[in-house]
Protein chains: 2
Amino acid sequence: MNNYSKQREAILDVMKENRTHPTAEEIYKLVLEKESQISKSTVYRNINILVDLGKIRKLNMTVGPDRYDYLYKEHSHAICEKCGKIFDFYYDIDKDKISNELLKQIEKNIDINSIIIYGICEDCKSKNKE
Amino acid sequence: MNNYSKQREAILDVMKENRTHPTAEEIYKLVLEKESQISKSTVYRNINILVDLGKIRKLNMTVGPDRYDYLYKEHSHAICEKCGKIFDFYYDIDKDKISNELLKQIEKNIDINSIIIYGICEDCKSKNKE
DNA sequence: CTTTAAATTAGGAATAATTCCTAATTTTGG
DNA sequence: CCAAAATTAGGAATTATTCCTAATTTAAAG
């Protein structure tokens, strides 16, 4: 891996400027809008590389295509399983995990990258009642 | 929704007997093995219904197709993003959330169904070093 | 600055997972 | 038993993502 290319750089720029948790498709369009020529396969390939490098994070969605987020600051996500809405929250894993006996146990098995909370948001709950 | 059908019942049975976090494809095969005739679209449709009813839980995977788990007891999951291995752990959201200020905040926005921890397991970590 | 090797790209084909469609069958409730 | 509602099978369609290859870009060495 050379670890440099115009396209890879453009994707990372887009991710830095965009805190909207875009899908691969959206990233593709955002890069095109900017200036840069890019193909969709290049977007997917580089997204995966950037995830591996730990520059961006993949958000596994229940509804719709997966989303991505730039790691601008330590934070976690709560995702509505009905509508896909994403809430950022600043639950610092590193700080909190020390206090939690169970998380300590997990860390023997796995090197934690992220915690995602899945649930149903207020809007979807009230829609259901109607 | 009538809330009953042989096929829906068979899927739920398979999920009860199987604590292996099967994919939709695997559920399909398990139902066929048992006895029951079923089509793949029926499997997918009923899986979604059972998720909605809160009988089973969807595990959004980073690698490979999504998996499902019967809600036999309150537990959460840690998933390796490289190989897809799943660790069950008995972190009781309900007990723990009371003690955590930040989780309380989230609960104002979202009705928590599950917490999934994503990371890299020991095996994958050591493979990477080789 | 060339030259060469390695990495990356575009673009489309291929694959994989899931949803959608419709006519036939099953289930429910009176 | 009958009619209405729900569900099914089976395949087509769709969606998201990965894979393939020849051409281009980047890096590194002389």
Side-chain angles (χ1 to χ4, degrees), chain A residues 1-15 21-53 55-69 79 81-84 86 118, chain B residues 1-15 21-53 55-69 79 81-84 86 118:
Chain A
M1 209 197 293
N2 268 345
N3 217 5
Y4 176 79
S5 84
K6 258 184 206 142
Q7 287 83 345
R8 182 131 73 232
E9 211 59 23
I11 289 173
L12 200 53
D13 284 352
V14 156
M15 293 306 291
H21 316 105
T23 62
E25 182 72 29
E26 286 163 356
I27 294 169
Y28 169 66
K29 282 181 186 153
L30 285 165
V31 173
L32 283 183
E33 268 175 36
K34 263 179 93 77
E35 93 240 54
S36 336
Q37 158 63 15
I38 202 165
S39 78
K40 211 172 278 184
S41 65
T42 300
V43 170
Y44 274 103
R45 189 166 21 78
N46 279 298
I47 281 174
N48 286 338
I49 289 169
L50 292 171
V51 168
D52 274 358
L53 292 174
K55 304 267 186 181
I56 65 176
R57 184 164 284 164
K58 185 175 187 170
L59 303 178
N60 303 302
M61 302 293 290
T62 301
V63 62
D66 287 337
R67 296 181 166 275
Y68 298 90
D69 198 17
I79 301 178
E81 297 192 291
K82 272 267 173 287
C83 69
I86 300 175
Y118 295 96
Chain B
M1 211 197 293
N2 268 345
N3 220 5
Y4 176 78
S5 82
K6 257 184 207 142
Q7 287 84 343
R8 181 132 73 233
E9 210 59 21
I11 290 173
L12 201 52
D13 284 352
V14 157
M15 292 305 291
H21 316 105
T23 62
E25 181 73 30
E26 286 163 356
I27 294 169
Y28 169 66
K29 281 181 186 153
L30 285 164
V31 173
L32 283 184
E33 268 174 37
K34 264 179 91 78
E35 93 241 52
S36 335
Q37 158 63 16
I38 202 165
S39 77
K40 211 172 280 185
S41 64
T42 299
V43 170
Y44 274 102
R45 189 167 21 78
N46 280 298
I47 281 175
N48 286 338
I49 290 168
L50 292 171
V51 168
D52 275 357
L53 293 173
K55 303 267 188 183
I56 65 176
R57 184 164 284 165
K58 184 175 191 171
L59 302 177
N60 303 303
M61 301 293 287
T62 301
V63 61
D66 287 336
R67 296 180 165 276
Y68 299 89
D69 197 17
I79 301 179
E81 298 193 289
K82 272 268 173 286
C83 70
I86 300 175
Y118 295 96

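In what follows, chains carry the letters A, B, and so on, assigned in the order in which the sequence lines appear, proteins first and then strands, with residues in each chain numbered from 1. All values derive from a computational prediction rather than experimental measurement. Note that these values count all heavy atoms, side chains included, but never hydrogens, waters or copies made by symmetry.
Atoms CG and CZ, on B:Leu53 and B:Arg8 in that order, are 7.0 Å from each other to the nearest 0.5 Å. Note that the NZ atom of A:Lys55 and the CD1 atom of A:Ile11 stand 13.5 Å from one another [nearest 0.5 Å]. Atoms OG1 and CD1, on A:Thr23 and A:Ile47 in that order, are 8.0 Å from each other to the nearest 0.5 Å.
Between the C1' atom of C:dT19 and the CD1 atom of B:Ile49 lies a distance of 13 Å, rounded to the nearest Å. For A:Gln7 and D:dA23, the CD to P distance is 18 Å, given to the nearest whole Å. When the C1' atom of C:dT19 is taken as reference, atom OH of B:Tyr28 falls 16 Å away, rounded to whole Å. Regarding A:Ile27, its CD1 atom lies at a distance of 13 Å from the C1' atom of D:dA16, rounded to whole Å. Rounded to whole Å, the distance from CZ on B:Arg45 to P on D:dA6 is 13 Å. The separation between A:Asn46 atom CG and D:dT18 atom P is 13 Å, rounded to whole Å. Per the geometry, OH belonging to A:Tyr4 stands 12 Å off C1' belonging to C:dT8, to the nearest Å. Taking atom OH of residue B:Tyr44 and atom C1' of nucleotide D:dG11, one finds them 15 Å apart after rounding to whole Å.
Phosphate proximity of C:dG11 to A:Gln37: present, with a side-chain N or O under 4.0 Å from OP1 or OP2. One finds no side-chain N or O of A:Asn48 lying less than 4.0 angstrom from the OP1 or OP2 phosphate oxygen of D:dT17.
Of the charged side-chain nitrogens involved, none lies within less than 4.0 Å of a carboxylate oxygen, so that B:Asp13 and B:Lys6 do not count as a salt-bridged pair.
Among the protein residues, A:Glu25 comes within range of no part of the nucleic acid, since none of its heavy atoms lies under 4.0 Å from any strand. Counting any heavy atom pair closer than 4.0 Å across all strands shown, A:Ser5 reaches sugar-phosphate atoms only and no base atom.
Over its full length, the helix from C:dC1-D:dG30 to C:dG30-D:dC1 turns its helical axis through 50°, comparing axes from the five pairs at each end and rounding to 10°.
Between A:Ser39 and B:Pro65, the residue anchored nearer the 5' end of DNA chain C, judged by the nucleotide with its closest heavy atom, is A:Ser39.
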